Protein chains: 2
Amino acid sequence: MEGSAPRRTRIQQEKRELILEAALEVFSANGFRGSTIDQIAEAAGMSKPNLLYYFRRKEDIHETLMQRLLDTWLAPLRELDDIGDPLTELRSYIRRKLEMARDFPRESRLFANEILQGAPRIKPMLEGELKTLVDEKAAVIKGWMRAGKIVRTDPWHLIFSIWATTQHYADFDVQVRAVLGADRGGNGRFEDAARFLEQLFLDGLKPKG
Amino acid sequence: MEGSAPRRTRIQQEKRELILEAALEVFSANGFRGSTIDQIAEAAGMSKPNLLYYFRRKEDIHETLMQRLLDTWLAPLRELDDIGDPLTELRSYIRRKLEMARDFPRESRLFANEILQGAPRIKPMLEGELKTLVDEKAAVIKGWMRAGKIVRTDPWHLIFSIWATTQHYADFDVQVRAVLGADRGGNGRFEDAARFLEQLFLDGLKPKG
DNA sequence: CTAACGTTTGTCCAACCGGTCAAAAATTTG
DNA sequence: CAAATTTTTGACCGGTTGGACAAACGTTAG
C-alpha cells in the first residue's frame with residue numbers, strides 16, 4: 001500500500017530540501033508576501049522555473065514548511081511529562097524552549113509571522129491539535145497544583161508566559177541585542193536569559209521573608 | 001519661528017489622521033510589504049491618488065505611524081519611577097503594559113512586525129533612544145535590588161520578560177484565543193492574564209516553605 | 001544508438017503595485 | 001460674482017511578481 005505522499009526520486013528529495021531550507025531563510029526574514037520566488041530560487045542556487053518544477057506554487061512551499069515546523073515546534077511541550085519532579089519538569093521545558101529560540105530562530109520567526117497575520121493558514125490546527133495538546137498538558141499541571149507541588153495558578157497562562165518569554169529571544173532578537181549593546185549582546189545572552197527565567201519562574205521577584 | 005512640521009490646513013490635518021488610522025489597521029494586519037496603497041486608500045474611504053496627495057510615498061505613512069507609535073509605546077516604561085514602593089511600581093508597570101496590549105493591539109502588532117523583519121527602519125532608535133531609556137530604568141531597578149526591596153536578578157532580562165509576556169496577548173492574540181477556546185477566550189482573558197502575571201512576577205511557582 | 005524519462009532554462013504573459021500627471025471639481029479668497 | 005487655491009479623480013506608466021510553457025539538456029535502460 002502506497003502512502004499518501006507522492007513517491008519521489010533521490011534528486012527530487014534533495015532539491016526539495018534545498019528549496020525548503022532556502023525558503024525558511026527568506027520567508028522568516030521577509031514574511032510570506034515580502035518574499036519572492038526569485039529570492040528563494042537564488043538562495044537555493046537554481047532558476048525560478050526550476051524551483052517551480054519542484055513546488056508548483058509559492059504557497060505550497062510555505063505550507064510544506066509550516067507543516068514540518070509545527071511538529072518540531074511543539075515537541076518540547078509534548079515531552080512535558082507527569083513522571084519526574086514538577087519543578088524540574090517545568091524548568092527543563094523552559095530550558096528546551098529557550099534552546100529552540102537560540103538554535104532555530106528562523107523557525108520561530110516564521111511561526112510568529114504567521115500568527116501575527118492572523119494565522120490564516122494554520123488557524124484550524126491552532127483550534128484543533130494545538131488546543132488539544134495544551135489542554136492535556138494543562139491538566140497535568142493542574143494535577144501538580146492539586147498535589148501541592150507547585151503554586152496554584154492558571155496553567156494555560158503559565159504556558160503562554162513560557163512561550164512568550166522564550167520565543168522573545170528569537171522573534172525580538174534585534175531589539176534584545178540593540179538594548180543589551182555590543183558587550184552583553186553576545187552569545188552569553190542566552191545563558192543570562194536562562195538564569196533569569198529560571199529564577200523568575202521558580203521564585204518570582206519578592207524577597208523571601 | 002516656525003516649527004519643523006509643515007503648516008497644514010484643517011482638511012489636511014483631518015485627512016491625514018484618517019489615513020493614518022486606516023494605515024494602522026492595514027499595516028498591522030498585513031505588514032508593510034503585505035499592504036497596498038489601494039487597501040489603505042479604500043479603508044480610508046478615498047482614492048489612491050488622493051491618498052498620495054497627503055502622503056507622497058507609502059513609506060512616509062509607515063514612518064509617521066512608527067514615530068507616533070514609539071512615544072506612546074514607551075510611555076509606561078518612562079513612568080516607572082523610583083518614588084513609590086518597588087514591588088508596587090513593577091506591578092503597575094506590568095498592568096499598564098497589559099492594558100496597552102488590550103487597548104492598542106494594532107500598535108503592538110505594527111511594532112512586532114517591524115522588529116520581526118529586523119527593524120530596518122527603526123534600528124537606530126533601538127540602539128539609541130530605547131537602549132538609553134532601558135539602561136536608565138535598569139539602574140533604578142538595580143537600586144531596588146541593592147536596597148533588598150526585590151530579589152537580585154538581571155534587570156534587562158526582567159524588562160524583556162515583562163515586554164514579552166504582556167505583548168504576547170496582542171501579538172499572538174489569535175493563538176491565545178484559539179487555545180483558550182470560546183468559553184475562556186472572551187474578554188475575561190485579560191483579567192486572568194493580569195492575575196497570573198502578578199502572581200508569577202511576585203512569587204514564582206515554587207510553593208512556600 | 002535511441003527512445004523514454006527526468007531535469008533545467010529562456011521566454012513570455014497577465015495581474016498587480018507604487019507612483020505620476022493633467023485636468024476636473026470643490027473650496028476659499030477678494 | 002470671479003479669481004486663486006486646494007482637493008479629488010481617471011487614466012496612465014514602468015517595474016515587479018507569480019506562474020505557464022515549450023524547447024533544450026541530461027540520464028538511464030534496452
Side-chain angles (χ1 to χ4, degrees), chain A residues 2-3 5-67 110 113-114 117 120-121, chain B residues 2 5-66 110 113-114 117 120-121:
Chain A
E2 205 59 74
R7 176 163 294 287
R8 300 192 216 281
T9 70
R10 184 185 49 84
I11 285 190
Q12 279 176 339
Q13 297 270 12
E14 289 173 6
K15 295 277 170 142
R16 283 175 64 95
E17 288 309 314
L18 207 66
I19 291 168
L20 288 172
E21 158 66 23
L24 175 59
E25 186 74 24
V26 176
F27 280 146
S28 67
N30 307 110
F32 181 77
R33 284 217 45 187
S35 306
T36 71
I37 301 185
D38 274 309
Q39 285 176 324
I40 301 172
E42 196 195 328
M46 62 182 71
S47 66
K48 179 169 68 169
N50 196 186
L51 182 149
L52 286 167
Y53 170 73
Y54 293 104
F55 290 90
R56 305 255 288 276
R57 294 177 305 149
K58 183 184 172 185
E59 265 210 319
D60 291 350
I61 311 176
H62 190 263
E63 197 185 311
T64 306
L65 219 44
M66 204 59 79
Q67 278 171 3
L110 181 68
N113 245 311
E114 175 71 10
Q117 319 280 314
R121 296 165 235 272
Chain B
E2 206 60 72
R7 179 164 291 287
R8 299 193 216 281
T9 70
R10 184 183 49 84
I11 286 189
Q12 279 176 339
Q13 296 271 12
E14 287 173 7
K15 295 278 168 141
R16 282 175 65 97
E17 287 310 314
L18 207 66
I19 292 168
L20 289 172
E21 158 67 25
L24 174 60
E25 187 74 24
V26 176
F27 280 146
S28 68
N30 307 110
F32 181 76
R33 282 217 49 186
S35 307
T36 71
I37 300 185
D38 274 308
Q39 286 176 322
I40 301 173
E42 197 196 326
M46 63 180 72
S47 66
K48 179 170 67 170
N50 196 16
L51 183 149
L52 286 166
Y53 171 72
Y54 293 103
F55 289 91
R56 304 254 289 275
R57 293 176 306 150
K58 183 184 173 186
E59 265 211 320
D60 292 348
I61 311 177
H62 191 265
E63 197 184 311
T64 306
L65 220 44
M66 205 58 81
L110 181 67
N113 246 311
E114 174 72 11
Q117 316 282 318
R121 295 164 237 275

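The sequence lines fix the lettering, A, B, ..., with proteins before strands; numbering per chain opens at 1. Small disclaimer: the values here were computed from a predicted structure and weren't measured.
If you take CZ of A/Phe32 and C1' of D/dT17, they are 12 Å apart, rounded to a whole angstrom. For A/Glu42 and D/dT17, the CD to P distance is 12 Å, given to the nearest whole Å. Atom-to-atom, CZ of A/Arg57 to C1' of D/dG18 comes out at 11 Å; the value is rounded to the nearest Å. Between the CZ atom of A/Arg16 and the P atom of C/dT8 there is a distance of 14 Å, given to the nearest Å. One can place CG of A/Asp38 at 19 Å from P of C/dC16, the figure rounded to the nearest angstrom. One interatomic measurement links the two molecules: CG of B/Asn50 to P of C/dA26, which rounds to 13 Å at whole-angstrom precision. In this structure, the CG atom of B/Leu51 is 11 Å from the C1' atom of C/dG18, given to the nearest Å. Distance B/Phe55 CZ to C/dT20 P: 15 Å, rounded to the nearest Å.
In terms of modelled atom types and a separation under 3.5 Å, the side chain of A/Lys58 and the main chain of A/Phe32 share a donor-acceptor contact.
Within 4.0 Å of B/Lys15, counting heavy atoms only, lie sugar-phosphate atoms of the nucleic acid but no base atom. Residue-level contact check: B/Leu52 touches the bases, meaning some heavy atom is under 4.0 Å from a base atom.
Taking side-chain N and O atoms only, A/Tyr54 has a distance below 4.0 Å to OP1 or OP2 of C/dT8. Look at B/Tyr53 and you'll find a side-chain N or O under 4.0 angstrom from OP1 or OP2 of D/dT7. Between A/Gln12 and C/dG6 there is no side-chain N or O to OP1 or OP2 distance below 4.0 Å.
More than 12 heavy atoms of other residues, nucleotides or ligands shown are found within 6.0 angstrom of CD on A/Gln39.
Of the candidates C/dG18, C/dG10, D/dT7, C/dG18 carries the atom nearest the B/Lys48 side chain, counting heavy atoms from C-beta on.
No side-chain heavy atom of A/Lys48 sits less than 4.5 Å from a side-chain heavy atom of A/Thr36. The side-chain heavy atoms of A/Ile37 and A/Phe55, taken from C-beta on, include no pair separated by under 4.5 Å. Side-chain atoms of A/Tyr54 and A/Ile61, non-hydrogen and from C-beta on, never get closer than 4.5 Å to each other.
Each of A/Arg33 and A/Met46 was assigned the nucleotide of DNA chain C with the nearest heavy atom; the assignment lying further toward the 5' end belongs to A/Met46.
Side-chain atoms of A/Lys58 stay outside donor-acceptor range of the base of D/dG19, with no qualifying N/O pair under 3.5 Å.
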